[in-house]
Amino acid sequence: DDYIYNTSLQFDPKSASITKKEIGFTYKPQARKLISLSYSDDNVTESATLSAAYPLTDTIHVFAGLDKTLSSGVTNKETVGIAYESCCWGARLVNFKELIKNNDYNYSLGFELVFKGLGTTDTYVRNKIEKRLPEYRVNLD
């Protein structure tokens, strides 16, 4: 149950060829400990994504993600963060890096503070993390 493999092929019957292929592997023994690697090729662009999370202690874990276009060598997105959790509250600090155009990057820093049972100060940060690292579904609520 800790290992997830996925593959998909897109076939064009008119040209009788495969137009897109994707393969992925995830090892996730727990929500705060995972590694995931995926590769896709649409016959124009080859890209790969890497996601990981690792607990440093019972209350602190780190997480990261990388999205890179292999055919050009350009890094599209990077995500690196640290999270803290206690019985009553949790917090995440995360750095986002995103390609705008021609090796020009946008950098941003996000902070989420969660009071368990009450809610969060910033759902935008959580949603952005989950969009960039889909296997990382750590709810600090």
Side-chain angles (χ1 to χ4, degrees), residues 1-86 88-141:
D1 292 335
D2 297 344
Y3 299 95
I4 302 167
Y5 304 97
N6 60 21
T7 58
S8 65
L9 296 172
Q10 192 173 50
F11 183 76
D12 182 5
K14 290 182 182 179
S15 66
S17 64
I18 296 172
T19 57
K20 186 175 184 179
K21 51 190 165 267
E22 295 178 345
I23 187 167
F25 168 78
T26 301
Y27 172 65
K28 187 175 181 179
Q30 58 181 322
R32 289 154 186 79
K33 186 176 188 179
L34 70 94
I35 187 159
S36 178
L37 178 63
S38 66
Y39 168 82
S40 68
D41 181 3
D42 63 4
N43 293 331
V44 176
T45 305
E46 292 180 70
S47 60
T49 59
L50 175 66
S51 310
Y54 190 77
L56 300 176
T57 67
D58 288 342
T59 58
I60 299 173
H61 69 273
V62 292
F63 55 93
L66 176 68
D67 178 350
K68 187 168 186 164
T69 303
L70 300 174
S71 50
S72 65
V74 174
T75 300
N76 302 312
K77 297 176 186 174
E78 288 180 13
T79 307
V80 178
I82 188 165
Y84 171 80
E85 251 182 297
S86 74
C88 306
W89 67 281
R92 273 190 273 235
L93 181 64
V94 60
N95 181 54
F96 299 107
K97 176 183 173 183
E98 186 169 4
L99 179 68
I100 299 171
K101 62 180 178 180
N102 300 341
N103 290 332
D104 188 20
Y105 290 93
N106 181 23
Y107 297 88
S108 60
L109 189 64
F111 180 73
E112 178 186 22
L113 183 61
V114 178
F115 297 102
K116 294 190 177 188
L118 295 175
T120 180
T121 58
D122 197 350
T123 57
Y124 173 77
V125 171
R126 178 183 7 195
N127 294 339
K128 192 169 183 176
I129 293 168
E130 289 180 356
K131 184 177 177 184
R132 290 181 174 210
L133 290 76
E135 298 81 15
Y136 176 77
R137 298 281 182 196
V138 176
N139 191 354
L140 299 180
D141 291 345

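The two atoms that bring L56 and V62 nearest to each other are CD1-CG1, 3.7 Å, heavy atoms only. Closest non-hydrogen pair, L70 versus A48, comes out as CD1-CB, 3.9 Å. For the pair K28 and E135, the tightest heavy-atom approach, listed with the atom from each and the gap, is NZ-O, 2.6 Å.
Atom CG in N106 sits 10.0 Å away from atom CG in L99 (nearest 0.5 Å). From N76, atom CG reaches atom CD1 of I100 across 12.5 Å, with rounding to the nearest 0.5 Å. Distance OG/S86 to NZ/K116: 6.0 Å, rounded to 0.5 Å. A distance of 10.0 Å separates OG1 in T45 from NZ in K20, rounded to the nearest 0.5 Å. Within the model, atoms NZ of K14 and OG1 of T19 stand 12.5 Å from one another, a figure rounded to the nearest 0.5 Å. Atoms CD and CD1, from E85 and I60 in turn, are 11.0 Å apart once rounded to the nearest 0.5 Å.
In this structure, the ring pair (Phe, Tyr, Trp, His ring centres under 6.0 Å) partners of F63, at least two apart in sequence or on a different chain, are Y136. When the ring pair (Phe, Tyr, Trp, His ring centres under 6.0 Å) test is applied to Y107, no partner is found at least two apart in sequence or on another chain.
More than 12 heavy-atom neighbours from other residues, nucleotides or ligands sit within 6.0 angstrom of CG on D104. Shown here is Y124, whose OH atom has no more than 12 heavy atoms of other residues, nucleotides or ligands within 6.0 Å.
Side-chain contact between V138 and H61 is present, with heavy atoms from C-beta onward closer than 4.5 Å. The shortest distance between side-chain heavy atoms of Q30 and D2 does not fall below 4.5 Å.
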Dump the intermediate steps for side chain to side chain contact (heavy atoms under 4.5 Å, CB included) on Y5 and I23, then the final yes or no.
CA-CA 8 Å; Y5 304 97; I23 187 167; over 6 Å; no
Apply side chain to side chain contact (heavy atoms under 4.5 Å, CB included) to residues I35 and L50 and explain how you reach the verdict.
CA-CA 7 Å; I35 187 159; L50 175 66; 4.3 Å; yes
For a salt bridge (charged side-chain N to carboxylate O under 4.0 Å, His left out) check, start with the C-alpha distance between E112 and K128, then their side-chain angles and the critical distance, and finish with the verdict.
CA-CA 11 Å; E112 178 186 22; K128 192 169 183 176; over 6 Å; no
Yes or no on side chain to side chain contact (heavy atoms under 4.5 Å, CB included) for L113 and F111, after CA distance, side-chain angles and deciding distance?
CA-CA 7 Å; L113 183 61; F111 180 73; 3.9 Å; yes
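With 3.5 Å as the limit, one finds no donor-acceptor pair spanning the side chains of D67 and S47.
N6 places a side-chain N or O within 3.5 Å of a backbone atom of G24 that can act as its donor or acceptor partner. R32 places no side-chain N or O within donor-acceptor distance of the main-chain N or O of A53, the cut-off being under 3.5 Å.
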